[in-house]
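Encoded as structure tokens, the structure appears first; notes follow it.
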Amino acid sequence: MPFTLDRRLFHWFGVIAVTLISLAVQDDVTWLKTYPEALVIPLSEWLNIFMNWTVEVFGWFFRGIAWLLEWPVKGVQWILHTLPWSVTIFLSCVVAYAASGWRLMAFTFAATIYMVVFGYWDESMNSVSLVAISVPMAITVGFAFGVWGFYSDRAERIIMPSLDLLQTVPAFAYLLPILLLFGFGTTVGLIASLLYSFPPMVRNTIVGLRGVSVEVVESGLMSGATPTQLFWQVRVPTASKQILLGVNQATMASLSMVIVASIIGGTADIGWEVLSTMRKAQFGESILAGIVIALIAMILDRVTAGLAVRNDDYDPEARTLIQRHRYWVIAGVGAVVIFLLAQVISILNDWPRGMEINPARGMNDALTYVIVNFREEIETIKKIAFFFIMLPTKIGLQNAVSPYTWGFELTLVHTVGYTMLMIAAAGWATLRWGKEIGIAVLLVAIFAYFGLTNMPWPALVLLCTVGGWKLGGPGLGVGTFLGLMFLVITGVWPQAILSVYVCGIAVVISFLFGTSVGIWAAHNDRVSAFVRPINDTLQTMPLFVILIPFVMIFKIGEFTALLAIIAYAFVPAIRYAEHGLRNLPGDVLEAATAMGCTTRQLLWQVKMPLALPVMMLGLNQTIMYGIAMLVIAALVGTNGLGQRVYIGLGDGDFGIGIIAGLGMAIIAMIADRMTQAWSKKRQEALGISA
Amino acid sequence: MGAEGKKNGLTDDIKLSCRNVWKVYGDNPDQFFTNRQGDIGDQASHARSIRETDHIVAAADVSFDVHVGEIFVIMGLSGSGKSTIVRCLSRLVEPTAGEIILDGEDLLKASDTELIDIRRHKMGMVFQSFGLLPHLNVIDNIAFPLKLQGIGEAERRERAERVIDLVGLQGRESSFPRQLSGGQQQRVGIARSLAVGPELWFLDEPFSALDPLIRRQMQDEFLRIQQMLHKSIVFITHDFLEALRIADRMAIMRDGAVVQIGRPVDLIMNPADDYVRDFTQDVPWERILTAADIAEPTTGSIEGMGRISGDTSVEALLPYMASHEAGVVVESGDGSVLGVATAHGVVSALASGVIEQATVQE
Ligand SMILES: Nc1ncnc2c1ncn2[C@@H]1O[C@H](COP(=O)(O)OP(=O)(O)OP(=O)(O)O)[C@@H](O)[C@H]1O
Ligand SMILES: [Mg+2]
């Protein structure tokens, strides 16, 4: 009896009814369409007033800190610039070898030589010195907070949500307040990177310390450990793998923030190099510099990850002092030797300008050639995406279908036909998969017809609130409602919708594409081996760099932003789909095979439903990645909250920037909680845990 | 009983005494006791009333003594409070009420520094899942307690090497725990707990994580080590056969309370209730019981009857008794007569362990 009314579905029909009614009357009742200007709370002005006051009263304090922090950065910069490049490369290679072995050492050597030969050495060292100061600070601060959170439940209850906020507020939104408080200079990058990179350290420290088994602690106690000994000699070393994973994540976060912070300019670092050349449309140069960032990221990632998994196996033969500290000895002796050599052979000290390789011009020419010769194709791709996907989502079929775009005028016949077709589709979906899916089809049909930006805000708020409530209980429902109302009453709702529009399309495409690849990879080892390094690279790549190839070919615009987001956000979808499918309970699969399932039945009726919760976590990560990239993509043309953050930064308007930043954090958190709740629900229904 | 646990040079000196110990988990466990007094008349009803208030009674009025050189085994089903009680004895867990007397002194009064000192010199403990430090290799794990005491590297190594020999781990000194099998890891755990030369040794299900063959081998090793070292031991297990092999005396626990204490044979012959009987049910009686255990006082003349030493197992006697209805005279080591073992004695010993009696039509 699929069409008997189910009481549980009443509120969904309520939502649909409210949506349709408000769509029908919104031309007359204008506050449904746009939240009245007069009721917008001038929160951004208040925030600006507060900020000005803070700067006036406490400015000396922050500037003092900035002044203090500048010294270590300058010191490291001085060292890295004074040391011959050959010595720095040698030391990096020793570290790489100690962390992971010959292969990483070879890679490090090649990568650093690239920086020298292509003439990016000084810029690279400027970025690295910021990372070199911010990482130890982030580790210290993060570790301290982690330990505090571990020992005090109350502290943890405060720390955890704050971390959530720090990590979901987009990086750009930090920059302005820091700039206002600490003043212009290298410190901005340092502090931004510190704020952004210590949260993963806190998390991993807490998780690691929590994970130390009771028996290990008890055995420490029974060995007669004092509290200090217990902490430093039992808990910390036992948790060290997890803690080092925190170091790895903190390092990567720090680098990516150092790069982002270069948008402020005046730092002469490698991020600035990419950004300024990109703005000047010098794509060859920006790609060459972008590669440097990617290389630095990969080296830092592999080295810190290598340290985390390193088994420093005890060598009973290595009794002497020199043997035990052989890396230090090699590093010290080698560095001195090379330093002395560099005094004689000047090329080891300063790579001559004349010997730098610069293929940028050739690359630019090649690119121009491609763009000129394939203009038709590029334009066609853009047009199809724009007319058939982006425009309908944004303003609805109602407005998007015209002779110019789709080749015909939208008439009453079409509308009626569309309505009938969609109702039929909803009915069929209900019969096939159940009522929830049927209702989802109806909702999508309504959205597609009227367009996301034309939906009345009360209808959307209601929809999300009901969705949150159904998925995660009353708490999530109320949270969703409050979060969305914040967007409404601070007047950023229209921008929020634009963000959701770009990000939504990107997420759907990334998820579908990524999951398909993931399914393929789960069934084919060769595909899996092929995809993995690509995923790894994309994930360690600072977001900036991903923009470059897309801007080169498709120029600035929403479509480019969309592609950049997709390029970054499909990675987790692949990973989780493959992971979910590869780690299914073997006995279930065997039982299904024994029952005579075909391969296809096995996939769709057994594996997919079982792997669904894990894939949902993949969706969750896809959304998070998409939102993270959205802000960066604002650089190349989107109009949503990301752009507001950017405008706030450009105009020095703290209020606008921070509200838009908070807005993105709110959207991210709602999406996060909902998908998590959904995944958990599925898991409980299946009686499995991820 | 004169024969009580004379195996390992046991004396009557009490090493550790546990008196009316309670451990209650929950929001406010102290409300149930005045002045941490555990000596409450009716243990069962007090425990029941505590449980009604959403508190968990993990140990209820537990009392027993451990003699110098004795292996005292604690048995019970999962959740019966065995781990809790040994953690109280080592003060890893603070008892809610009661007293623990170690060498005549109240352990619960020891300050934190005194406690660290006691653990450094007097106690050793072995854990079910080993509790090894993953970042240290075998020798450093074993020397860890010595390192905490600030003993120098050379002496540490030397003392660690000695216990490594004792547990038979020569040649594996530089392996890390993850490279060892379960049995080897537990040898490290045992060696570590012995490194400081403790007088009191706690073992919480040390062999439960091992497979049966290794377990048996480890029990033999354990007994061999104890033959040499004569520690006072509290050993936890839920395997009655294991208890039989090693126990001088044992306690059976249920729901936090001690149900019965005695020699293994006492528990088999005179189980306090069906719970104890359940444990002893699958025991191969004829192998455990000795002629002395089933001997009955002589009533008539013992002239011309066969004679046998008291520690002969009943199993070995069965063929003889099958053909000699009058039975056999049981002698102790010094030749004095302990009594007569008859087929009737065997049957009544067996009967004490029967739970479901058949109803016989008379
Ligand atoms: N920290 C704690 N908080 C609350 N309850 C606890 C705690 N530790 C133990 N308990 C409870 O105390 C009771 C006794 O636990 P204990 O670990 O002593 O049992 P056990 O006899 O060692 O069982 P096992 O054979 O499974 O090791 C159990 O009901 C357990 O749930
Ligand atoms: Mg236990």
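Only this structure's heavy atoms are used, side chains among them; waters, hydrogens and symmetry mates stay out. Proteins get letters first, then strands, A, B, ... in listed order; numbering begins at 1 in each.
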Evaluate whether atom CZ of A/Phe145 has more than 12 neighbouring non-hydrogen atoms of other residues, nucleotides or ligands under 6.0 angstrom away. no
Pull out the residues in residues 192-210 of chain B that come under 4.5 Å of chain A, heavy atom to heavy atom, sorted by number. B/Arg192, B/Phe202
Members of residues 79-97 of chain B whose heavy atoms come closer than 4.5 Å to chain A: B/Arg87, B/Ser90, B/Leu92
Between CG on residue A/Leu230 and CD1 on residue B/Ile116, distance to nearest 0.5 Å: 9.5 Å
Does A/Arg103 have more than 12 heavy atoms from other residues, nucleotides or ligands lying within 6.0 Å of its CZ? no
Tell me if a side-chain donor or acceptor on B/Arg119 pairs with a main-chain N or O of A/Met222 at a distance below 3.5 Å. no
What do you reckon, is CG of B/Asn28 surrounded by more than 12 foreign heavy atoms closer than 6.0 Å? yes
For chain A, which residues from residues 125-133 of chain B have at least one heavy atom closer than 4.5 Å to it? B/Met125, B/Phe127, B/Gln128, B/Ser129, B/Phe130, B/Gly131, B/Leu132, B/Leu133
Provide the full list of ring-ring contact (aromatic ring centres under 6.0 Å, His included) pairs with a residue in residues 68-121 of chain B, sequence neighbours left out, each pair given once. B/Phe64-B/Phe72
Counting heavy-atom pairs closer than 4.5 Å to chain B, which one of A/Val217, A/Val234, A/Leu221, A/Val212 comes out on top? A/Leu221
Let's test your reading of the structure: which of A/Ser240, A/Ser223, A/Ala225, A/Pro227 forms the most heavy-atom pairs below 4.5 Å with chain B? A/Ser223
Of the backbone (N, CA, C, O) and the side chain (C-beta and beyond), which part of A/Ser213 lies under 4.5 Å from a heavy atom of chain B, both, or neither? neither
Contact winner vs chain A - B/Ser175, B/Gly189, B/Pro134, B/Pro145, heavy-atom pairs under 4.5 Å: B/Pro145
When rounded to the nearest 0.5 Å, the distance separating CG of B/Leu148 from OG1 of A/Thr228 is 11.0 Å
